[in-house]
Structure formats: structure tokens, C-alpha cells
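No experiment lies behind these values; they were computed from the predicted model shown. Numbered from 1 within each chain, the chains take letters A, B, ... in sequence-line order.
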There are 2 protein chains.
Amino acid sequence: MGTNGYADRVIQRLRGKKLKITPQRIAILHYLEGNTAHPSAEQIYREVSRAFPTISLATVYNTLDTLERLGELQVVAIDPARKRYDPDTRPHHHAMCTECRTIQDVHTDYGGTIALPDGLRERLQVASVTVHFSGLCRSCSPVTI
Amino acid sequence: MGTNGYADRVIQRLRGKKLKITPQRIAILHYLEGNTAHPSAEQIYREVSRAFPTISLATVYNTLDTLERLGELQVVAIDPARKRYDPDTRPHHHAMCTECRTIQDVHTDYGGTIALPDGLRERLQVASVTVHFSGLCRSCSPVTI
DNA sequence: TTCGATGCAAAGCCTTTGCATCCTG
DNA sequence: CAGGATGCAAAGGCTTTGCATCGAA
């Protein structure tokens, strides 16, 4: 919606790559814009279907794949059951409740405090370092019930 | 095999819980003992099948589930494609090559340098903090080829 | 003898793919 | 109007489940 929003930016990039701007893609981009819920493909499909009832799951997967290859979408590997998607591609961390599987962003910058041990640094060209916090959120915590 | 090894310890715990010590479980435990390869269920099945040709995949999954509930096996959620298992249940971190999907352990203790931001700490009872490094390993790195 | 464990097959999710049709550019 | 995108259905991985049989204790 905003002139500098996610959808607008990605649309420019699609145009630049001579990829097509379809109503389905636009609907998915609008759903993802500012979305911090880390939805699964199925969730994205369900939500976008409400505004766009004829969209197919395959199109959702195709679009997510395209966005990932454009570097405009990140797969979050923290939920062992399914892929979760994040339109925020800045380096950041995640916190998940192991009960309700809610994922929250952690935008703390740990700077250089997290370093690979020397031995490993020679064996792996590190592209990303992410911290995963997990535990029980307030609503899932026994004491709270 | 050793008197203080993984298999022996888990067998004692199975006994304590009145669970059965079957040849299949023993074979799986021996395969897992000291294993730092972070195998998938399929890999465990394939390897254990060589020593134990009649074992079934369902038994492997059942056993992994039992071990996980005993706290003697950890699911590593870093490979988006499948669950990877780790018999080392001490808190530690992982480094994965995004190309060949090899996972290595990182036993660095980051102590208190990794802290949840205040806001989140009130919303999540943190049970574990793990760092995921990812990138290309030497054999998968273009420069090396 | 008992009851948990096994093995087989089927089913259940999640994700990918093939292909005819559609529609953006 | 060309070629990429869509939608449908089928297929493909990974994982779970139902159930009859087996076997450890």
C-alpha cells in the first residue's frame, strides 16, 4: 500500500526481471507486507483465498519460490513440521513457542559476540548466523493457566 | 559399547521406565552412539538395516519418538526438508552447509552474551537458545572447485 | 502370560510437478 | 501473440497410524 512498502518494492523487482505482475502475486504480496506472523504456505493460501477465492495452492508455492529466489522472502527453519515464511529479509532472530508454534522476531544485533570457533571457520563460509529461542509463551505456560 | 556410553545409558533408562529392550532398539542405539552426523530417519533406517535387515521404518520412527520423549534424543530443526536427529542432548549449536546439508556441532558456550530482549522475556519462558550457522562448506564452495 | 513393540500397509501432511489453458506485457 | 503464470490433479517425499502378530519380561 505505502509507496515504499514490501509489495511495491517486490513488484518493481518483478518488473525488472521481466516477470509477470499477476493479481494472484499482488494478493500474496499484500498479505505478506508487514506480516510478522511467519505464516506457513497453507496459512498464506487460506488467507489469500478469502480475498481471491480461485487461487490455488500450487500458485502460492510457485510464488513463494519466486520470492525466495528474488531474495524477497526468507524460509524460517525453526518449526520442524513445516516451512514458515518471513517477508523480512534483514538478518534477525526468532523465538518460537513449542506449544502453539507462534514465532516472534528478535531484532537484537549480537554484533561480533557470536563467532564460529576457529576450527569450523576454515570449513564453513558462513552466510548467516541466526539465534533460535524456544520455550513456552505466556498463554501456553502451565503457571498461567 | 563402553560402560558409560549412550546405548548403555539409554538401556538403563528404558529398563527403569519398564519399556522393552528389543534388538531393534539396541541396533538403533548403537548406530546413534557417538554419531555426530545428524542423520535423518531415513538414513538411520538405511544404516541400521545393514546390520538388521528386517527392521521397518515405522519401528525407527517409533523408537526415535520414544528416545525423544525420554530426553535422550534431540530433533535438530535446521534442515527445512526433514527432521535431523542428534543423540547429543547437551546444549550446543549447529552449523549447516546449505548445499550438501551436512550439519556440524558447535560446542562453543556463548554464556550470557546471547540474551532475549526485555520485551520478549516477559512473553516467552525460554527453554533453549541455539545458534544456527549456515553457509557453504569447503567441498561445496565454488572457489574450491 | 501380558502388554508393549514390531512390521506391514495404508493414510496423512507438506510440497512439487506435468500439462493444458490463461493472460500479462 | 509469445512466453510466463495459473489451476487442477497427480505424484512424491516425509511421517504417522491401525492393526494383527510377535516376543521381552
| field | Phosphate OP1/OP2 of D:dT16: any B:Tyr61 side-chain N/O under 4.0 Å | value | no

| request: Using atom CD1 of A:Ile55 as one end and atom P of D:dC8 as the other, report the distance to the nearest whole Å. | output: 11 Å

| In whole angstrom, what separates A:Gln43's CD from C:dC14's P? | 10 Å

| task | Name the nucleic acid region contacted by B:Lys18, choosing base, sugar-phosphate or nothing; use a 4.0 angstrom heavy-atom cut-off, strictly under. | result | nothing

| message | What's the closest nucleotide to the side chain of B:Arg82 if the choices are D:dT6, D:dT17, D:dT15? | response | D:dT15

| query | Should B:Lys83 be listed as having a side-chain N or O under 4.0 Å from OP1 or OP2 of C:dC14? | reply | no

| request: Say whether A:Asp79 and A:His38, considering side chains only, have a donor N or O and an acceptor N or O under 3.5 Å apart. | output: no

| note | B:Glu42 atom CD is separated from D:dT15 atom P, nearest whole Å, by 9 Å

| task | Provide, to the nearest angstrom, the distance between the CG atom belonging to A:Asn62 and the P atom belonging to C:dT15. | result | 14 Å

| field | A:Asp105 versus A:His93, side-chain donor and acceptor atoms under 3.5 Å | value | no

| Members besides A:Val129 in its Ile/Leu/Val/Met/Phe/Trp/Tyr cluster (side-chain heavy atoms under 4.5 Å) | A:Val106, A:Tyr110, A:Ile114, A:Leu116, A:Leu120, A:Leu124, A:Val126, A:Val131, A:Phe133, B:Val106, B:Tyr110, B:Ile114, B:Leu116, B:Leu120, B:Leu124, B:Val126, B:Val129, B:Val131, B:Phe133

| How far apart are the C-alpha atoms of B:Gln24 and B:Thr63, what are their side-chain angles, what is the distance that settles it, and do they pass the side chain to side chain contact (heavy atoms under 4.5 Å, CB included) test? | CA-CA 9 Å; B:Gln24 291 90 335; B:Thr63 300; 5.7 Å; no

| B:His132-A:His132 aromatic ring centre distance below 6.0 Å | yes

| request: Just call it for A:Thr54: base, sugar-phosphate, or nothing, with non-hydrogen atoms closer than 4.0 Å on any strand. | output: sugar-phosphate

| request: Quickly work out the A:Ile11 CD1 to C:dG25 C1' distance and round it to whole Å. | output: 15 Å

| Between D:dT6, D:dT15, C:dG7, which one does the side chain of B:Ser56 approach most closely? | C:dG7

| message | Under a 3.5 Å threshold, yes or no: a donor from one side chain and an acceptor from the other, between B:Thr98 and B:Ser134? | response | no

Are there any protein N/O atoms within less than 3.5 Å of an N/O atom in nucleotides 23-25 of chain D, and if so, which ones and at what distance?
| from | atom 1 | to | atom 2 | distance (Å) |
| --- | --- | --- | --- | --- |
| D:dG23 | N2 | B:Lys20 | NZ | 2.7 |
| D:dA25 | OP1 | B:Ile21 | N | 3.4 |

| field | Proximal nucleotide (of D:dT15, C:dG7, D:dA5) relative to the B:Thr59 side chain | value | C:dG7

| query | For A:Gln24 and C:dC23, is the shortest distance between a side-chain N/O and OP1 or OP2 below 4.0 Å? | reply | no

| field | Interatomic distance where CD belongs to A:Glu68 and C1' belongs to C:dT15 [whole Å] | value | 12 Å

| B:Ser141 side chain to A:Gln125 side chain, donor-acceptor N/O pair below 3.5 angstrom | yes

| task | Starting at atom CG of A:Leu29, determine the distance to atom P of D:dA5, rounded to an integer number of angstrom. | result | 13 Å

| note | Taken to the nearest whole Å, NZ/A:Lys17 to C1'/D:dG3 is 18 Å

